[in-house]
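The structure under discussion appears below in the form of structure tokens.
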Amino acid sequence: MKKLYNYIDGELVAPINGNYIDNYNPATGQVYSQIPNSDEADVSNAIKSARNAFESWSNLRNSERASWLEKISNRIEERMEELALAESIDNGKPLWLAKSVDIPRARDNFKFFATAIMHFASESHRTSSGIINYTLRKPIGVAACISPWNLPLYLFSWKIAPALAAGNTVVAKPSEITPMTAYLLSEICNEINLPKGVLNIVHGLGASTGNAIVTHDDIDMVSFTGGTTTGEHIARTIAPKFKKMSLELGGKNPNIIFDDCDFDKALKTTLNSSFANQGQICLCGSRILVQRGIYNKFRDAFVSKVKDIKVGNPMDDNSRMGAIVSKPHFDKVLSYVEIAKSEGGKVLTGGHQVQLEGDNSDGWFIAPTIIEGLDQQCRTNQEEIFGPVVTIQPFDTEEEAVEMANCTGYGLAATVWTQDLNTAHRMSENIKSGIVWVNCWLLRDLRTPFGGVKNSGVGREGGWEALKFFTEAKNVCIKFD
Ligand code: NAD
């Protein structure tokens, strides 16, 4: 069975304790590889190596660091097919999706920050004649980058690339549920002879390996993407040590559809925003709010289209949805269907496991599910499910839509469908979330700020925001005669 290695100090190494964790293929339910169950000793070596590498890496010219990132990006492009296959097997997502979204985006993340750092500049303030201030933006040190399982290499690289571009060295941990493409990234770093210690990748469980990283005194900042409960733990650990942190957390995103929307476009995109990647994208809309005038028409059309979605083998190009990432997550998602029923919800379609045949007979597949008839305060409408389960409910007025949109503890993203410019602007102003999409979903320009409000996170990533996070500003004030 294939065993993965940690990537520490430029070497692919086994965990010191010799312990491994099973890694499952969600589409077959079978263990297919093992990953290091690293402990404090491995983490400590990784952090030491990153610390040693910091001075020379941070002193490189921006153009030199950019060129290393470009080499990584080019290697990802060259190994695209292999990486996409690995991502699909590890995560359960359709292969076509890994090929068209995940891996191209990982390639682009490195390319984007390679060019961004070449254009990054800091400010200067002339106070008066004889007094000038300028801001130095310096790399900070060792960045801990921790990422989740839903978009494995995509999100892993979204943190690592700006951290490295800005001149920091990195200790990174991918999710133990989807470690494979992070491991292949360490192979890539070896292939291009990335200077040792600049990037270290340590595999293992969140509660042990992840915790050992964030509690270590010699890291300087943490960039974390994952669940709100984990984020709270990290904040509690990091904040008293006054380390910089960026937390990208969970969501319960509203998808608000007004009577005057372009019906066909709203319907088509809502199918995608509800069930892409099996509903396991933090930006998926899980509460569909439809204005009463078109509620019945939209609901019926939506249910009919969702019934046609093919859930199947991720290797099959005709499968629109693949497997749920793990057995515990599969159980969690289905448990929410039961919670919804007990809260009075009516399952309009789905709500059950999909039993496939052959190699996939033990895989974890769930039918796309729509639930109607729930109030806003129930658990189903308040808690993040993070799977192919959405609720649908009517609203009458714009004020009511805003109230419904804002009534959860989360505030990551929202989608608004209307043809009225005034409604679009007002909704965009009044929805409490980090991102609002109007008449579209998941259009991402990598220069824009990305992040959430309330329980969806602290801080912003993307473009200059990421480069600002991964640098520390120092003001220099000069008086001259
Ligand atoms: P998770 O919080 O369980 O794990 C995320 C990462 O943190 C993993 O690598 C895990 O090993 C690690 N971890 C767990 N406990 C830790 C600890 N005590 N100390 C340090 N590290 C620890 O989240 P998940 O289940 O992997 O991912 C799903 C969640 O991620 C959902 O809530 C989803 O909304 C969220 N998410 C958010 C965004 C965003 O940009 N806001 C993007 C994708 C996913």
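Because the structure is predicted, anything quoted here is derived from the model rather than measured. Sequence positions, counted from 1, serve as the residue numbers for this chain. Counting starts at 1 for both ligands and their atoms, in listed order.
Across E343, Q393, K252, a single residue satisfies side-chain hydrogen bond (donor to acceptor under 3.5 Å, both in side chains) together with N381, and that is Q393. Each of K243, K241, R51 was checked for a salt bridge (charged side-chain N to carboxylate O under 4.0 Å, His left out) with D220, and the lone residue meeting it is R51.
Salt bridge status for E461 with K159: present, with a side-chain N to carboxylate O gap under 4.0 Å.
Put simply, CG on N17 and OG on S38 are 7.0 Å apart, with the number rounded to the nearest 0.5 Å.
Figure legend: cation-pi geometry between K327 and Y24 absent, as NZ or CZ is not positioned both under 6.0 Å from the six-membered ring centre and within 45° of its axis.
Residues meeting the side-chain hydrogen bond (donor to acceptor under 3.5 Å, both in side chains) test with W441, sequence neighbours left out: none.
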Tabulate distances under 3.5 Å between N/O atoms of ligand 1 and N/O atoms of the protein, writing both atom names on each line.
from: ligand 1; atom 1: 2 (O); to: G227; atom 2: N; distance (Å): 2.9
from: ligand 1; atom 1: 2 (O); to: T230; atom 2: OG1; distance (Å): 2.6
from: ligand 1; atom 1: 9 (O); to: S147; atom 2: O; distance (Å): 2.8
from: ligand 1; atom 1: 9 (O); to: K173; atom 2: NZ; distance (Å): 3.3
from: ligand 1; atom 1: 11 (O); to: K173; atom 2: NZ; distance (Å): 2.8
from: ligand 1; atom 1: 11 (O); to: E176; atom 2: OE1; distance (Å): 2.6
from: ligand 1; atom 1: 11 (O); to: G206; atom 2: N; distance (Å): 3.3
from: ligand 1; atom 1: 19 (N); to: N211; atom 2: N; distance (Å): 3.4
from: ligand 1; atom 1: 23 (O); to: G227; atom 2: N; distance (Å): 3.3
from: ligand 1; atom 1: 25 (O); to: W149; atom 2: NE1; distance (Å): 2.9
from: ligand 1; atom 1: 26 (O); to: W149; atom 2: NE1; distance (Å): 3.3
from: ligand 1; atom 1: 30 (O); to: G226; atom 2: O; distance (Å): 3.3
from: ligand 1; atom 1: 32 (O); to: E384; atom 2: OE1; distance (Å): 2.6
from: ligand 1; atom 1: 34 (O); to: E384; atom 2: OE2; distance (Å): 2.5
from: ligand 1; atom 1: 41 (N); to: L249; atom 2: N; distance (Å): 3.3
from: ligand 1; atom 1: 41 (N); to: L249; atom 2: O; distance (Å): 2.7

